[in-house]
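So the structure is just underneath, and the comments pick up after that.
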There are 2 protein chains.
Amino acid sequence: MPRADRTKPRGGQGDKRQALLTGALTVFARDGYTRASIDMIADEAGVSTRTLYNHFQDKARLFQAVIEESASRVAEAQTALLDRHLRKVTNLETDLIELALAWGTPMPDSAEHFALVRQVNAEAGHIPAPAIKAWREAGPLRVRRELARHLRRLADEGLLRVEDPERAALHFTRLVSVPGPHDGGLTLTRKERAEHVASGVRVFLYGYGR
Amino acid sequence: MPRADRTKPRGGQGDKRQALLTGALTVFARDGYTRASIDMIADEAGVSTRTLYNHFQDKARLFQAVIEESASRVAEAQTALLDRHLRKVTNLETDLIELALAWGTPMPDSAEHFALVRQVNAEAGHIPAPAIKAWREAGPLRVRRELARHLRRLADEGLLRVEDPERAALHFTRLVSVPGPHDGGLTLTRKERAEHVASGVRVFLYGYGR
DNA sequence: TACTCAGTACAACGTACGTTGTACCCTGGC
DNA sequence: GCCAGGGTACAACGTACGTTGTACTGAGTA
(Lines give C-alpha, C1' and ligand atoms only; values in the text may rest on other atoms or scores of the structure.)
Protein backbone atom coordinates (compact mmCIF):
# COMPACT_ATOMS: atom_id res chain seq x y z
CA MET A 1 0.00 0.00 0.00
CA PRO A 2 1.64 3.24 -1.11
CA ARG A 3 2.12 5.95 1.44
CA ALA A 4 1.28 9.01 -0.68
CA ASP A 5 -1.95 8.45 -2.57
CA ARG A 6 -4.00 11.38 -1.28
CA THR A 7 -4.30 13.40 -4.49
CA LYS A 8 -0.58 13.93 -4.81
CA PRO A 9 -0.25 16.38 -1.89
CA ARG A 10 2.87 17.99 -3.29
CA GLY A 11 5.36 17.20 -5.95
CA GLY A 12 7.86 18.68 -3.55
CA GLN A 13 11.19 16.96 -3.75
CA GLY A 14 11.98 14.60 -0.92
CA ASP A 15 8.50 13.19 -0.85
CA LYS A 16 9.08 10.06 -2.88
CA ARG A 17 12.57 9.92 -1.49
CA GLN A 18 11.25 9.51 2.02
CA ALA A 19 8.76 6.89 0.86
CA LEU A 20 11.64 5.04 -0.72
CA LEU A 21 13.69 5.18 2.44
CA THR A 22 10.95 3.81 4.65
CA GLY A 23 9.89 1.21 2.09
CA ALA A 24 13.45 0.08 1.65
CA LEU A 25 13.84 -0.12 5.41
CA THR A 26 10.90 -2.48 5.59
CA VAL A 27 12.13 -4.75 2.84
CA PHE A 28 15.80 -4.72 3.80
CA ALA A 29 14.93 -5.46 7.41
CA ARG A 30 12.66 -8.34 6.47
CA ASP A 31 14.68 -9.96 3.69
CA GLY A 32 18.24 -8.71 3.99
CA TYR A 33 20.29 -6.95 1.38
CA THR A 34 20.64 -9.63 -1.28
CA ARG A 35 17.13 -11.04 -1.02
CA ALA A 36 15.56 -7.62 -1.18
CA SER A 37 14.93 -6.83 -4.82
CA ILE A 38 14.66 -3.39 -6.33
CA ASP A 39 11.18 -4.22 -7.57
CA MET A 40 9.95 -5.18 -4.10
CA ILE A 41 11.33 -1.98 -2.65
CA ALA A 42 9.81 0.17 -5.35
CA ASP A 43 6.46 -1.56 -4.90
CA GLU A 44 6.61 -1.15 -1.12
CA ALA A 45 7.27 2.56 -1.61
CA GLY A 46 4.55 2.89 -4.25
CA VAL A 47 7.07 4.14 -6.74
CA SER A 48 8.52 3.03 -10.05
CA THR A 49 11.97 1.49 -10.13
CA ARG A 50 13.05 4.31 -12.38
CA THR A 51 12.39 6.95 -9.77
CA LEU A 52 14.30 4.86 -7.32
CA TYR A 53 17.32 5.12 -9.58
CA ASN A 54 16.69 8.82 -10.00
CA HIS A 55 17.05 9.28 -6.25
CA PHE A 56 19.81 6.77 -5.49
CA GLN A 57 22.76 5.73 -7.60
CA ASP A 58 22.39 2.04 -6.99
CA LYS A 59 21.21 -0.58 -4.52
CA ALA A 60 24.29 -0.35 -2.34
CA ARG A 61 23.98 3.40 -1.80
CA LEU A 62 20.29 3.08 -1.12
CA PHE A 63 21.13 0.53 1.54
CA GLN A 64 23.71 2.81 3.10
CA ALA A 65 21.28 5.69 3.13
CA VAL A 66 18.66 3.48 4.76
CA ILE A 67 20.86 2.13 7.53
CA GLU A 68 22.28 5.53 8.34
CA GLU A 69 18.93 7.22 8.55
CA SER A 70 17.46 4.41 10.61
CA ALA A 71 20.43 4.49 12.98
CA SER A 72 20.17 8.24 13.38
CA ARG A 73 16.46 8.19 14.01
CA VAL A 74 16.62 5.47 16.64
CA ALA A 75 19.70 6.98 18.26
CA GLU A 76 17.82 10.25 18.52
CA ALA A 77 14.88 8.54 20.20
CA GLN A 78 17.13 6.64 22.57
CA THR A 79 19.18 9.63 23.66
CA ALA A 80 15.91 11.42 24.28
CA LEU A 81 14.91 8.53 26.53
CA LEU A 82 18.22 8.81 28.33
CA ASP A 83 17.66 12.49 28.97
CA ARG A 84 14.10 11.98 30.07
CA HIS A 85 14.92 9.28 32.63
CA LEU A 86 18.37 10.25 33.82
CA ARG A 87 18.43 14.03 33.75
CA LYS A 88 17.10 14.30 37.26
CA VAL A 89 17.12 11.10 39.23
CA THR A 90 14.91 10.66 42.26
CA ASN A 91 15.26 6.95 42.92
CA LEU A 92 18.14 5.55 40.94
CA GLU A 93 16.95 1.95 40.79
CA THR A 94 13.39 2.67 39.71
CA ASP A 95 14.58 5.29 37.23
CA LEU A 96 17.01 2.88 35.66
CA ILE A 97 14.33 0.22 35.48
CA GLU A 98 11.93 2.60 33.82
CA LEU A 99 14.60 3.65 31.38
CA ALA A 100 15.41 0.06 30.53
CA LEU A 101 11.75 -0.78 30.15
CA ALA A 102 11.12 2.09 27.79
CA TRP A 103 14.35 1.14 26.06
CA GLY A 104 13.24 -2.40 25.38
CA THR A 105 9.57 -1.73 24.84
CA PRO A 106 8.86 -2.47 21.21
CA MET A 107 8.05 0.78 19.50
CA PRO A 108 6.13 0.42 16.23
CA ASP A 109 9.09 0.42 13.90
CA SER A 110 11.90 -0.35 16.30
CA ALA A 111 11.41 -3.99 15.43
CA GLU A 112 12.23 -3.19 11.83
CA HIS A 113 15.22 -1.20 12.94
CA PHE A 114 16.71 -4.00 15.01
CA ALA A 115 16.07 -6.51 12.29
CA LEU A 116 18.03 -4.18 10.05
CA VAL A 117 20.81 -4.06 12.63
CA ARG A 118 21.05 -7.82 12.43
CA GLN A 119 21.28 -7.57 8.66
CA VAL A 120 24.05 -5.02 8.94
CA ASN A 121 25.99 -7.18 11.37
CA ALA A 122 25.75 -10.09 9.00
CA GLU A 123 26.54 -8.03 5.92
CA ALA A 124 29.36 -6.05 7.51
CA GLY A 125 32.01 -7.81 5.44
CA HIS A 126 30.36 -6.61 2.24
CA ILE A 127 29.80 -2.98 3.16
CA PRO A 128 32.59 -0.47 2.56
CA ALA A 129 34.41 0.22 5.81
CA PRO A 130 33.65 3.97 5.90
CA ALA A 131 29.95 3.21 5.64
CA ILE A 132 29.91 0.83 8.61
CA LYS A 133 32.01 3.28 10.57
CA ALA A 134 29.59 6.10 9.83
CA TRP A 135 26.70 3.85 10.75
CA ARG A 136 28.24 2.92 14.10
CA GLU A 137 29.05 6.50 14.92
CA ALA A 138 25.57 7.72 14.07
CA GLY A 139 23.88 4.84 15.89
CA PRO A 140 25.07 2.52 18.64
CA LEU A 141 28.30 4.30 19.54
CA ARG A 142 26.60 7.64 19.85
CA VAL A 143 24.00 6.22 22.22
CA ARG A 144 26.60 4.39 24.27
CA ARG A 145 28.67 7.52 24.64
CA GLU A 146 25.64 9.47 25.71
CA LEU A 147 24.79 6.83 28.30
CA ALA A 148 28.41 6.91 29.48
CA ARG A 149 28.14 10.68 29.89
CA HIS A 150 25.09 10.28 32.11
CA LEU A 151 26.72 7.55 34.16
CA ARG A 152 29.81 9.66 34.73
CA ARG A 153 27.65 12.55 35.88
CA LEU A 154 25.72 10.30 38.24
CA ALA A 155 29.04 9.09 39.59
CA ASP A 156 30.15 12.67 40.10
CA GLU A 157 26.96 13.27 42.01
CA GLY A 158 27.85 10.38 44.25
CA LEU A 159 25.05 8.09 43.11
CA LEU A 160 27.27 5.58 41.33
CA ARG A 161 30.76 4.21 41.58
CA VAL A 162 32.13 4.14 38.04
CA GLU A 163 35.73 3.83 36.92
CA ASP A 164 35.25 3.40 33.20
CA PRO A 165 31.97 4.97 32.09
CA GLU A 166 32.18 3.50 28.59
CA ARG A 167 32.46 -0.01 29.94
CA ALA A 168 29.74 0.62 32.48
CA ALA A 169 27.49 1.77 29.67
CA LEU A 170 28.26 -1.39 27.73
CA HIS A 171 27.50 -3.53 30.76
CA PHE A 172 24.24 -1.74 31.36
CA THR A 173 22.98 -2.15 27.81
CA ARG A 174 23.97 -5.79 27.79
CA LEU A 175 22.34 -6.51 31.12
CA VAL A 176 19.01 -4.94 30.32
CA SER A 177 18.63 -5.75 26.63
CA VAL A 178 15.81 -8.23 26.34
CA PRO A 179 16.23 -11.35 24.24
CA GLY A 180 14.05 -11.00 21.19
CA PRO A 181 12.70 -13.89 19.15
CA HIS A 182 16.23 -14.37 17.87
CA ASP A 183 18.62 -14.44 20.82
CA GLY A 184 16.96 -16.48 23.50
CA GLY A 185 13.82 -17.87 22.03
CA LEU A 186 10.17 -16.92 22.30
CA THR A 187 8.74 -13.47 22.68
CA LEU A 188 8.26 -12.46 26.29
CA THR A 189 5.16 -11.17 28.03
CA ARG A 190 5.17 -7.71 29.53
CA LYS A 191 5.59 -9.20 32.99
CA GLU A 192 8.56 -11.33 31.94
CA ARG A 193 10.19 -8.35 30.29
CA ALA A 194 9.75 -6.32 33.44
CA GLU A 195 11.28 -9.08 35.55
CA HIS A 196 14.16 -9.51 33.18
CA VAL A 197 14.88 -5.80 33.09
CA ALA A 198 14.58 -5.42 36.86
CA SER A 199 17.02 -8.21 37.51
CA GLY A 200 19.45 -6.75 35.01
CA VAL A 201 19.31 -3.37 36.69
CA ARG A 202 19.77 -5.03 40.07
CA VAL A 203 22.95 -6.75 38.92
CA PHE A 204 24.16 -3.51 37.39
CA LEU A 205 23.60 -1.67 40.64
CA TYR A 206 25.33 -4.37 42.66
CA GLY A 207 28.32 -3.78 40.45
CA TYR A 208 28.18 -0.01 40.11
CA GLY A 209 25.92 1.17 42.89
CA ARG A 210 27.13 3.05 45.89
CA MET B 1 42.75 -26.44 -1.98
CA PRO B 2 41.02 -29.82 -1.56
CA ARG B 3 41.34 -31.65 1.70
CA ALA B 4 41.69 -35.19 0.36
CA ASP B 5 44.39 -35.30 -2.29
CA ARG B 6 46.62 -37.99 -0.77
CA THR B 7 46.15 -40.68 -3.46
CA LYS B 8 42.44 -40.96 -2.81
CA PRO B 9 42.85 -42.61 0.63
CA ARG B 10 39.43 -44.19 0.54
CA GLY B 11 36.31 -43.77 -1.44
CA GLY B 12 34.68 -44.27 1.91
CA GLN B 13 31.40 -42.45 2.16
CA GLY B 14 31.38 -39.35 4.26
CA ASP B 15 34.74 -38.15 3.06
CA LYS B 16 33.56 -35.65 0.47
CA ARG B 17 30.57 -34.98 2.61
CA GLN B 18 32.76 -33.67 5.40
CA ALA B 19 34.77 -31.59 2.94
CA LEU B 20 31.51 -30.13 1.71
CA LEU B 21 30.36 -29.29 5.21
CA THR B 22 33.54 -27.47 6.15
CA GLY B 23 33.81 -25.74 2.78
CA ALA B 24 30.22 -24.63 2.97
CA LEU B 25 30.81 -23.38 6.50
CA THR B 26 33.61 -21.18 5.24
CA VAL B 27 31.63 -19.71 2.39
CA PHE B 28 28.33 -19.32 4.23
CA ALA B 29 30.09 -17.65 7.14
CA ARG B 30 31.93 -15.24 4.88
CA ASP B 31 29.20 -14.37 2.38
CA GLY B 32 25.88 -15.35 3.92
CA TYR B 33 23.29 -17.69 2.53
CA THR B 34 22.18 -15.86 -0.60
CA ARG B 35 25.57 -14.56 -1.65
CA ALA B 36 27.17 -17.95 -1.25
CA SER B 37 26.86 -19.75 -4.57
CA ILE B 38 26.84 -23.47 -5.06
CA ASP B 39 29.85 -23.16 -7.34
CA MET B 40 31.90 -21.33 -4.73
CA ILE B 41 31.06 -23.94 -2.12
CA ALA B 42 31.90 -26.83 -4.42
CA ASP B 43 35.19 -25.17 -5.36
CA GLU B 44 36.05 -24.51 -1.72
CA ALA B 45 35.42 -28.17 -0.95
CA GLY B 46 37.35 -29.34 -4.02
CA VAL B 47 34.31 -31.13 -5.32
CA SER B 48 32.01 -30.92 -8.30
CA THR B 49 28.62 -29.33 -7.91
CA ARG B 50 27.07 -32.60 -8.93
CA THR B 51 28.49 -34.46 -5.94
CA LEU B 52 27.20 -31.68 -3.76
CA TYR B 53 23.72 -32.43 -4.99
CA ASN B 54 24.34 -36.14 -4.51
CA HIS B 55 24.97 -35.51 -0.81
CA PHE B 56 22.43 -32.78 -0.09
CA GLN B 57 19.01 -32.25 -1.57
CA ASP B 58 19.40 -28.55 -2.15
CA LYS B 59 21.10 -25.40 -0.91
CA ALA B 60 18.71 -24.88 1.96
CA ARG B 61 19.26 -28.35 3.44
CA LEU B 62 22.99 -28.01 3.02
CA PHE B 63 22.79 -24.79 4.99
CA GLN B 64 20.78 -26.43 7.74
CA ALA B 65 23.25 -29.29 7.95
CA VAL B 66 26.11 -26.81 8.16
CA ILE B 67 24.66 -24.67 10.91
CA GLU B 68 23.62 -27.63 12.99
CA GLU B 69 26.98 -29.34 12.79
CA SER B 70 28.81 -26.10 13.53
CA ALA B 71 26.56 -25.40 16.49
CA SER B 72 27.05 -28.90 17.86
CA ARG B 73 30.80 -28.81 17.50
CA VAL B 74 31.21 -25.45 19.19
CA ALA B 75 28.71 -26.32 21.91
CA GLU B 76 30.74 -29.45 22.60
CA ALA B 77 33.92 -27.44 22.92
CA GLN B 78 32.28 -24.85 25.13
CA THR B 79 30.69 -27.34 27.52
CA ALA B 80 34.09 -29.01 27.76
CA LEU B 81 35.51 -25.64 28.77
CA LEU B 82 32.78 -25.27 31.36
CA ASP B 83 33.62 -28.63 32.85
CA ARG B 84 37.32 -27.97 32.83
CA HIS B 85 37.08 -24.63 34.64
CA LEU B 86 34.10 -25.08 36.90
CA ARG B 87 34.16 -28.75 37.92
CA LYS B 88 36.37 -28.05 40.88
CA VAL B 89 36.72 -24.44 41.82
CA THR B 90 39.62 -23.24 43.93
CA ASN B 91 39.31 -19.46 43.58
CA LEU B 92 35.96 -18.58 42.10
CA GLU B 93 36.96 -15.21 40.64
CA THR B 94 40.14 -16.36 38.94
CA ASP B 95 38.46 -19.52 37.70
CA LEU B 96 35.61 -17.56 36.18
CA ILE B 97 38.06 -15.17 34.58
CA GLU B 98 40.05 -18.01 33.09
CA LEU B 99 36.88 -19.59 31.81
CA ALA B 100 35.75 -16.36 30.22
CA LEU B 101 39.16 -15.80 28.71
CA ALA B 102 39.26 -19.25 27.17
CA TRP B 103 35.67 -18.69 26.14
CA GLY B 104 36.44 -15.54 24.21
CA THR B 105 39.87 -16.47 22.95
CA PRO B 106 39.58 -16.83 19.21
CA MET B 107 40.08 -20.47 18.33
CA PRO B 108 41.07 -21.10 14.71
CA ASP B 109 37.61 -21.67 13.30
CA SER B 110 35.48 -20.16 16.03
CA ALA B 111 35.60 -16.92 14.06
CA GLU B 112 33.91 -18.68 11.17
CA HIS B 113 31.38 -20.16 13.53
CA PHE B 114 30.38 -16.84 15.03
CA ALA B 115 30.21 -15.22 11.65
CA LEU B 116 27.82 -18.01 10.75
CA VAL B 117 25.81 -17.29 13.87
CA ARG B 118 25.40 -13.72 12.71
CA GLN B 119 24.21 -15.01 9.35
CA VAL B 120 21.69 -17.28 11.04
CA ASN B 121 20.36 -14.45 13.19
CA ALA B 122 19.88 -12.33 10.11
CA GLU B 123 18.38 -15.13 8.05
CA ALA B 124 16.15 -16.49 10.81
CA GLY B 125 13.00 -15.29 9.08
CA HIS B 126 13.80 -17.39 6.04
CA ILE B 127 14.71 -20.63 7.76
CA PRO B 128 11.96 -23.11 8.63
CA ALA B 129 11.06 -22.78 12.29
CA PRO B 130 11.95 -26.38 13.22
CA ALA B 131 15.43 -25.87 11.82
CA ILE B 132 16.17 -22.77 13.88
CA LYS B 133 14.72 -24.48 16.91
CA ALA B 134 16.97 -27.49 16.41
CA TRP B 135 19.93 -25.17 15.90
CA ARG B 136 19.24 -23.27 19.10
CA GLU B 137 18.81 -26.44 21.09
CA ALA B 138 22.00 -27.98 19.76
CA GLY B 139 23.98 -24.78 20.18
CA PRO B 140 23.47 -21.74 22.38
CA LEU B 141 20.64 -23.05 24.55
CA ARG B 142 22.49 -26.23 25.33
CA VAL B 143 25.54 -24.30 26.46
CA ARG B 144 23.51 -21.88 28.50
CA ARG B 145 21.70 -24.68 30.26
CA GLU B 146 24.98 -26.36 31.02
CA LEU B 147 26.35 -23.14 32.45
CA ALA B 148 23.18 -22.73 34.49
CA ARG B 149 23.68 -26.25 35.86
CA HIS B 150 27.17 -25.34 37.03
CA LEU B 151 26.03 -22.09 38.57
CA ARG B 152 23.27 -23.84 40.48
CA ARG B 153 25.75 -26.36 41.80
CA LEU B 154 28.14 -23.61 42.86
CA ALA B 155 25.22 -21.95 44.61
CA ASP B 156 24.41 -25.20 46.39
CA GLU B 157 28.00 -25.36 47.50
CA GLY B 158 27.61 -21.89 48.97
CA LEU B 159 29.95 -20.14 46.56
CA LEU B 160 27.26 -18.15 44.77
CA ARG B 161 23.90 -16.63 45.52
CA VAL B 162 21.67 -17.51 42.60
CA GLU B 163 17.91 -17.39 42.38
CA ASP B 164 17.40 -18.07 38.70
CA PRO B 165 20.35 -20.00 37.26
CA GLU B 166 19.18 -19.57 33.67
CA ARG B 167 19.13 -15.81 34.01
CA ALA B 168 22.44 -15.81 35.85
CA ALA B 169 23.93 -17.78 32.99
CA LEU B 170 22.57 -15.27 30.51
CA HIS B 171 24.00 -12.40 32.52
CA PHE B 172 27.37 -14.07 32.74
CA THR B 173 27.67 -14.72 29.03
CA ARG B 174 26.57 -11.19 28.23
CA LEU B 175 28.96 -9.61 30.69
CA VAL B 176 32.05 -11.48 29.54
CA SER B 177 31.43 -11.76 25.81
CA VAL B 178 33.99 -9.57 24.12
CA PRO B 179 32.92 -7.14 21.42
CA GLY B 180 34.28 -8.43 18.13
CA PRO B 181 34.93 -6.30 15.09
CA HIS B 182 31.16 -6.07 14.69
CA ASP B 183 29.63 -5.09 18.00
CA GLY B 184 31.87 -2.44 19.46
CA GLY B 185 34.44 -1.64 16.90
CA LEU B 186 38.09 -2.58 16.49
CA THR B 187 39.73 -5.83 17.47
CA LEU B 188 41.12 -5.79 20.98
CA THR B 189 44.60 -6.67 22.14
CA ARG B 190 45.11 -9.56 24.52
CA LYS B 191 45.53 -7.14 27.40
CA GLU B 192 42.32 -5.29 26.59
CA ARG B 193 40.43 -8.54 26.29
CA ALA B 194 41.73 -9.61 29.68
CA GLU B 195 40.70 -6.33 31.24
CA HIS B 196 37.28 -6.47 29.68
CA VAL B 197 36.69 -10.03 30.81
CA ALA B 198 37.96 -9.35 34.32
CA SER B 199 35.67 -6.39 34.77
CA GLY B 200 32.74 -8.41 33.47
CA VAL B 201 33.43 -11.17 35.95
CA ARG B 202 33.78 -8.63 38.74
CA VAL B 203 30.36 -7.18 37.99
CA PHE B 204 28.92 -10.66 37.80
CA LEU B 205 30.36 -11.54 41.20
CA TYR B 206 29.09 -8.32 42.73
CA GLY B 207 25.68 -9.41 41.63
CA TYR B 208 25.84 -13.11 42.33
CA GLY B 209 28.80 -13.55 44.67
CA ARG B 210 28.47 -14.46 48.30
C1' DT C 1 38.18 -59.38 -16.30
C1' DA C 2 33.87 -57.40 -15.54
C1' DC C 3 30.91 -54.92 -12.40
C1' DT C 4 29.79 -51.24 -9.28
C1' DC C 5 29.68 -46.95 -7.50
C1' DA C 6 31.23 -42.44 -6.12
C1' DG C 7 32.96 -38.66 -8.41
C1' DT C 8 33.66 -35.43 -12.50
C1' DA C 9 33.16 -32.42 -16.46
C1' DC C 10 30.05 -30.11 -19.17
C1' DA C 11 26.14 -28.31 -21.04
C1' DA C 12 21.56 -26.93 -20.65
C1' DC C 13 17.22 -24.65 -18.78
C1' DG C 14 14.55 -21.55 -16.53
C1' DT C 15 14.41 -17.81 -13.79
C1' DA C 16 15.37 -13.70 -11.34
C1' DC C 17 17.71 -9.57 -10.79
C1' DG C 18 20.23 -4.85 -11.29
C1' DT C 19 20.33 -1.34 -14.32
C1' DT C 20 19.39 1.71 -18.29
C1' DG C 21 16.93 3.88 -22.15
C1' DT C 22 12.78 5.75 -23.97
C1' DA C 23 8.45 7.46 -24.79
C1' DC C 24 4.54 9.14 -22.34
C1' DC C 25 1.75 11.54 -18.46
C1' DC C 26 0.47 14.89 -15.27
C1' DT C 27 0.67 18.85 -12.44
C1' DG C 28 2.23 23.50 -11.01
C1' DG C 29 3.85 27.94 -12.55
C1' DC C 30 4.55 31.53 -16.24
C1' DG D 1 -2.08 27.80 -23.28
C1' DC D 2 2.34 26.27 -22.77
C1' DC D 3 6.58 24.63 -20.66
C1' DA D 4 9.45 22.11 -17.39
C1' DG D 5 10.33 18.58 -14.50
C1' DG D 6 9.45 14.82 -11.68
C1' DG D 7 7.02 10.42 -12.12
C1' DT D 8 5.54 6.17 -14.72
C1' DA D 9 5.19 2.12 -17.68
C1' DC D 10 7.56 -0.91 -20.37
C1' DA D 11 10.97 -3.28 -22.60
C1' DA D 12 15.52 -4.66 -23.04
C1' DC D 13 20.30 -6.44 -21.85
C1' DG D 14 23.60 -8.89 -19.60
C1' DT D 15 24.57 -11.72 -16.05
C1' DA D 16 24.44 -14.94 -12.41
C1' DC D 17 22.50 -18.64 -10.14
C1' DG D 18 20.11 -23.21 -8.62
C1' DT D 19 19.34 -27.42 -10.39
C1' DT D 20 19.28 -31.49 -13.45
C1' DG D 21 20.70 -34.75 -17.07
C1' DT D 22 24.26 -37.27 -19.35
C1' DA D 23 28.26 -39.42 -20.63
C1' DC D 24 32.74 -40.47 -18.83
C1' DT D 25 36.56 -41.90 -15.43
C1' DG D 26 38.86 -44.56 -12.16
C1' DA D 27 39.43 -47.28 -8.31
C1' DG D 28 38.00 -51.25 -5.37
C1' DT D 29 35.97 -55.97 -5.43
C1' DA D 30 34.06 -60.48 -6.69
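Throughout, a chain's letter reflects where its sequence line sits, starting with A, and its residues are numbered from 1. The analysis underlying the following values was restricted to heavy atoms, covering all of them including side chains, and did not include hydrogens, waters or symmetry mates.
Between B:T51 and the phosphate of C:dT8, there is a side-chain N or O to OP1/OP2 separation shorter than 4.0 Å. Taking 4.0 angstrom as the limit, A:K16 places a side-chain polar atom (N or O) nearer than this to OP1 or OP2 of D:dT8. Between D:dT8 and A:S48, a contact under 4.0 Å exists linking OP1 or OP2 to a side-chain N or O.
Distance, A:D15 CG to D:dG5 C1': 15 Å, rounded to whole Å. Across the protein-nucleic acid pair, B:H55 atom NE2 and C:dC5 atom P stand 15 Å apart, rounded to whole Å. Here C:dG18 presents its P atom at 11 Å from CG of A:D58, a figure rounded to the nearest Å. Note: OH (B:Y53) to C1' (C:dT8) measures 16 Å, nearest angstrom. In this structure, B:Q57 atom CD and D:dG18 atom P are separated by 17 Å, rounded to whole Å. Atom CG of A:L52 is separated from atom P of C:dG21 by 16 Å (rounded to the nearest Å). Between the CD1 atom of A:I41 and the P atom of C:dC17 there is a distance of 11 Å, rounded to whole Å. Remark: C1' of D:dA16 and CG of B:D31 are 14 Å apart, rounded to the nearest angstrom.
Heavy-atom nearest nucleotides on DNA chain C were determined for A:D39 and for A:R50, and the one closer to the 5' end corresponds to A:D39.
B:A36 comes within 4.0 angstrom of sugar-phosphate atoms only, judged by non-hydrogen atoms across all strands, and of no base.
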Is there a salt bridge (charged side-chain N to carboxylate O under 4.0 Å, His left out) between B:R145 and B:E137? Walk through the geometry before answering. CA-CA 10 Å; B:R145 273 200 273 265; B:E137 290 292 336; 2.5 Å; yes

Verify salt bridge (charged side-chain N to carboxylate O under 4.0 Å, His left out) between B:E76 and B:R142, making sure each step is shown before the conclusion. CA-CA 9 Å; B:E76 202 90 30; B:R142 177 179 155 206; 3.7 Å; yes

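For A:I38, whose side chain is taken as the heavy atoms from C-beta onward, the closest listed nucleotide among D:dC17, C:dG7, C:dG18 is C:dG18.
Not a single donor-acceptor pair under 3.5 Å links the side chain of B:K16 to the backbone N or O of B:S48.
Ion pairing between B:D109 and B:R73 holds under the 4.0 Å rule for side-chain N and carboxylate O.
Contact between B:V176 and B:V197 at its shortest, heavy atoms only, is O-CG2, 3.8 Å.
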